[in-house]
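This report concerns only the one structure given below.
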Amino acid sequence: MLTFEQWAIIADIYTPLLILASASIVWRERQGSGCWLLPSAKHLIPIVLTLVASFASSLVDLLLGIWPSFDSDYSTHTAVALVFVVHICLYRPGWRFAAILSLAAYLQLMNHQDYHTYLDMITTIAFLLPLFWLIWKSKTSL
């Protein structure tokens with residue numbers, strides 16, 4: 001059985017792995033073009049906007065106390081992971097099942113580590129997914 005600290009390391013590695021997966025999607029797309037150093041606006045702009053939306057939502061919650069009003073906590077961990085899981089799901093349909101399953105496992109791990117409750121994480125996802133959809137829809141041709 002793994003220790004609390006070992007599980008914490010696994011939790012800490014998850015988001016960087018998602019970032020690497022997203023970067024590999026951008027990298028593979030750019031390999032065929034003449035400008036492989038610059039990420040495509042098709043990827044970069046929606047990723048940046050959804051990250052901004054994630055942190056802006058956290059700030060709004062901090063100022064207005066939305067999640068604390070129902071004894072919960074906005075999960076920035078979940079929000080950031082969701083940004084990259086959505087990106088992976090949109091641009092690598094073959095990876096979709098694994099990406100969603102990995103997010104579910106991450107949510108379980110965060111609950112196990114007492115970082116967040118399921119209510120924290122599910123309400124964060126339910127709040128952000130429509131917002132993310134609007135951002136990706138407006139910036140891409142979904």
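The figures here come from the full heavy-atom set of this structure, side chains too, leaving out hydrogens, waters and symmetry mates. Small disclaimer: the values here were computed from a predicted structure and weren't measured.
Interatomic distance, CG of L82 versus CG of L51, reported as 10.5 Å (0.5 Å rounding). Note that CG of L64 is 9.0 Å distant from CG of L62, once rounded to the nearest 0.5 Å. Rounding to the nearest 0.5 Å places NE2 of H116 at 12.5 Å from CD1 of I122. The CD1 atom of I88 lies 7.0 Å from the CH2 atom of W95; values are rounded to the nearest 0.5 Å. Atom CD of residue Q6 and atom CE of residue M1 lie 10.5 Å apart, to the nearest 0.5 angstrom. Of the inter-residue distances, the one linking L49 atom CG with F132 atom CZ reads 10.5 Å to the nearest 0.5 angstrom.
For the residue pair A99 and S102, the shortest heavy atom distance occurs at O-OG, 2.7 Å. Here the closest non-hydrogen pair linking L131 and S57 is CD2-OG, 4.3 Å. The shortest heavy-atom contact between T15 and Y106 is OG1-OH, 4.0 Å. In terms of heavy-atom proximity, A81 sits nearest to L18 at O-CD1, 3.6 Å.
L128 and L90 end up in the same hydrophobic cluster when Ile, Leu, Val, Met, Phe, Trp and Tyr side chains are linked at under 4.5 Å. Tracing side-chain contacts under 4.5 Å through hydrophobic residues (I, L, V, M, F, W, Y), one reaches M110 starting from L119; they form part of the same cluster. L17 and I9 fall within a single hydrophobic cluster, where Ile, Leu, Val, Met, Phe, Trp and Tyr are joined by side-chain heavy atoms under 4.5 Å apart, directly or via other members. Both W136 and F55 are assigned to one and the same hydrophobic cluster, defined by single-linkage of ILVMFWY side chains at heavy-atom distances under 4.5 Å. Cluster annotation: L107 is connected to L129 through the hydrophobic network of ILVMFWY side chains, with a link wherever side-chain heavy atoms come within less than 4.5 Å.
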In sequence, state the C-alpha distance, the side-chain angles, and the governing distance for H87 and V26, and then conclude on side chain to side chain contact (heavy atoms under 4.5 Å, CB included).
CA-CA 10 Å; H87 178 244; V26 174; 4.2 Å; yes
Start with the C-alpha distance between I10 and L109, add both sets of side-chain angles, then the distance that settles side chain to side chain contact (heavy atoms under 4.5 Å, CB included), and finish with yes or no.
CA-CA 9 Å; I10 293 169; L109 177 56; 3.8 Å; yes
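Judged as a ring pair (Phe, Tyr, Trp, His ring centres under 6.0 Å), and not counting sequence neighbours, the contacts of W7 are H112. Under the side chain to side chain donor-acceptor pair (under 3.5 Å) criterion, T78 pairs with S75, not counting sequence neighbours.
More than 12 heavy atoms of other residues, nucleotides or ligands sit less than 6.0 Å from atom OH of Y115. More than 12 heavy atoms of other shown residues, nucleotides or ligands fall within 6.0 angstrom of atom CZ in F70.
Of the possible donor and acceptor atoms, none in the side chain of S22 sits under 3.5 Å from a partner among the backbone N and O of I19. In terms of modelled atom types and a separation under 3.5 Å, the side chain of Y74 and the main chain of S54 share a donor-acceptor contact.
Between the side chains of D120 and T117, a donor-acceptor pair is found at a separation under 3.5 Å.
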